[in-house]
Every structure is written in C-alpha cells, then in structure tokens.
Amino acid sequence: KQEVTQIPAALSVPEGENLVLNCSFTDSAIYNLQWFRQDPGKGLTSLLLIQSSQREQTSGRLNASLDKSSGRSTLYIAASQPGDSATYLCAVLNGSWGKLQFGAGTQVVVTP
Amino acid sequence: AAGVIQSPRHLIKEKRETATLKCYPIPRHDTVYWYQQGPGQDPQFLISFYEKMQSDKGSIPDRFSAQQFSDYHSELNMSSLELGDSALYFCASSRKRGPRDTQYFGPGTRLTVL
C-alpha cells in the first residue's frame, strides 16, 4: 500500500531564502507526481507535474526533482517571498485510472 | 483560461439531510474526480468517472453516490448526512483517462453539517 510522507510538516524562513520541501513515497511504481499549493480554506493549485520518466520539471522560481528508485521528490522554491506562504502538498499517481494519493503537506511561512 | 467550476461554494445542512454537489469540468476534459478533505487532513479520493462511466472508487460511503452526465458535468449526492461529513469537497478534471494528464482542481465546496 502506497504511503506518501512530507517532511517537515511546517517550515518558517525569512524572505529571500530558498525553500526545500521533501516528499517521499513507499511504492516506486508511480505514473507521475504532482505538487500543489493550498492557501488556508482554499482550493488546490497545481504547480508542477513530473512524469515517471522525468527527473525534474521547472516553472519560474519552482523546480521539482523526482528520484523514483529512492521514492523521493523535492520541490525547490528560489528566493522565497511572503506570497509563497501556503501549504504545499505532493501527490502520486499509482494506478492507471488517475486517482491521486496525497501527502499531509508542508505548511510554509515566509516572513518579511 | 477556463477552470473547474464547483457549486455551491458553501453549503450548510442538518444531520440526516441530503446534499448535492455539482462539478463542471474544464471544456474538453472527459474525466472527473471527487476528493474529500477533512479539517487538517489531506484530500482523500472518493470516486472518478471517465466518459460517463465510473472508473475508480475510493473510500466513498454507501450513503454517497455520484454520476457524470452527457455534458461531462458530475454530481455528488450525499444522503443521511453525518457530522463527520463536514469537509471540503474537491472536484478535479483531466483530459483523457490515464496518467499523463494533470488533474486540475476546482475551488471546492465547503460542506458544514450541523
């Protein structure tokens, strides 16, 4: 049974520092991995999707890496800003029908 | 760009009542997923549909049912509501069944059961 873990559960950094968020999964037979952002009480915004055959994806200040064999993905956010404060969730796609399995998220606070 | 639309955005019901949540996927998306996110929890998969047929089922109570219509919108029907059903319900859509397409999430419907 797949288990998705995100460590740390919470993170506070000063503005300008780079953020490193970790996601690990127990079953490496995934189809893809997706990173989301969620603001309090709000919906999920898709940030990046990495296919199982890829090792990384980049979008602006965001870079996500995937190491399937070790069951890890890392989301890097460069030069953090207060607006980056949110909860970041990773989710893996195990089966062919598309249901995502989420981690518990990392709550990020970027202080001015 | 068009996004996933969910209605209503907020819903307050009494115990044992019924509720219907609606989801309108992004145009040309043929697959719809429903997730439930309880307070302080990560989203849990409930059910999905592809081309109007149920494609997968997760931890959805028997009191809940869902369907996808000919215009690809989906409805989640919840009966005999319990206090524990209070949660944020997300709908997501993607184009073509399968692993390659990003799931785009709607803003969610916040259901409060009193």
Side-chain angles (χ1 to χ4, degrees), chain A residues 1-10 21 23-25 27-54 57 59 62 64 66 68 86-107, chain B residues 1 3-7 9-10 23 25-26 29-51 53-60 66 86-112:
Chain A
K1 180 178 181 282
Q2 178 74 271
E3 290 186 10
V4 183
T5 305
Q6 291 187 248
I7 294 173
L21 308 178
C23 172
S24 61
F25 45 95
D27 184 352
S28 62
I30 64 169
Y31 284 88
N32 62 41
L33 184 146
Q34 210 167 332
W35 281 94
F36 294 88
R37 168 188 171 136
Q38 185 173 32
D39 293 287
K42 302 292 185 183
L44 295 164
T45 301
S46 179
L47 298 174
L48 289 167
L49 179 143
I50 313 177
Q51 302 292 353
S52 61
S53 57
Q54 297 176 316
Q57 275 286 355
S59 175
L62 305 179
L66 175 64
K68 256 184 57 171
T87 296
Y88 292 83
L89 297 105
C90 69
V92 299
L93 191 65
N94 297 34
S96 60
W97 288 100
K99 69 179 177 188
L100 292 172
Q101 185 163 347
F102 286 82
T106 295
Q107 186 175 10
Chain B
V4 177
I5 297 171
Q6 290 188 248
S7 68
R9 295 292 308 277
H10 302 272
C23 169
I26 292 172
H29 281 198
D30 49 23
T31 307
V32 166
Y33 314 82
W34 286 97
Y35 294 85
Q36 176 192 57
Q37 186 177 31
Q41 298 178 1
D42 52 283
Q44 296 292 318
F45 171 77
L46 292 177
I47 196 167
S48 63
F49 292 88
Y50 167 68
E51 286 289 348
M53 298 287 289
Q54 181 183 306
S55 55
D56 202 355
K57 196 171 180 180
S59 49
I60 183 170
S86 295
L88 198 51
Y89 290 83
F90 290 110
C91 170
S93 74
S94 69
R95 180 177 52 85
K96 292 186 306 195
R97 170 180 67 86
R100 300 219 161 262
D101 293 304
T102 302
Q103 289 186 28
Y104 295 91
F105 280 71
T109 293
R110 182 169 296 282
L111 172 66
T112 303

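Values reported hereafter were calculated over all heavy atoms of this structure, with side chains retained and with hydrogens, waters and symmetry mates removed. In the text below, chain A, chain B and the rest are named by the order of the sequence lines, each starting its count at 1.
In this structure the side chain of B:His29 never reaches within 4.5 angstrom of the side chain of B:Thr31, judged on heavy atoms. Under the 4.5 Å side-chain criterion, counting only non-hydrogen atoms from C-beta, B:Pro107 is in contact with B:Arg9. Annotation: side chain of A:Leu21 is not in contact with side chain of A:Gln6 (no heavy-atom distance under 4.5 Å). Side-chain contact check for A:Ser59 versus A:Leu47: every heavy-atom pair is 4.5 Å or farther apart.
A:Gln101 does not touch chain B: none of its heavy atoms, backbone or side chain, sits under 4.5 Å away. Both the backbone and the side chain of A:Leu100 come within contact range of chain B, with heavy atoms under 4.5 Å apart.
The stretch residues 34-43 of chain B places B:Tyr35, B:Gln37, B:Asp42, B:Pro43 near chain A, each with some heavy atom under 4.5 Å from a heavy atom of that chain.
Taking every heavy atom of both residues into account, A:Ala86 and A:Asp39 meet most closely at CB-OD1, 3.7 Å. Residues B:Phe49 and B:Ser55 come closest through the heavy atom pair N-OG, 3.6 Å.
With hydrogens and angles left out, the side-chain atoms of A:Gln34 and A:Ser46 include a donor and acceptor closer than 3.5 Å.
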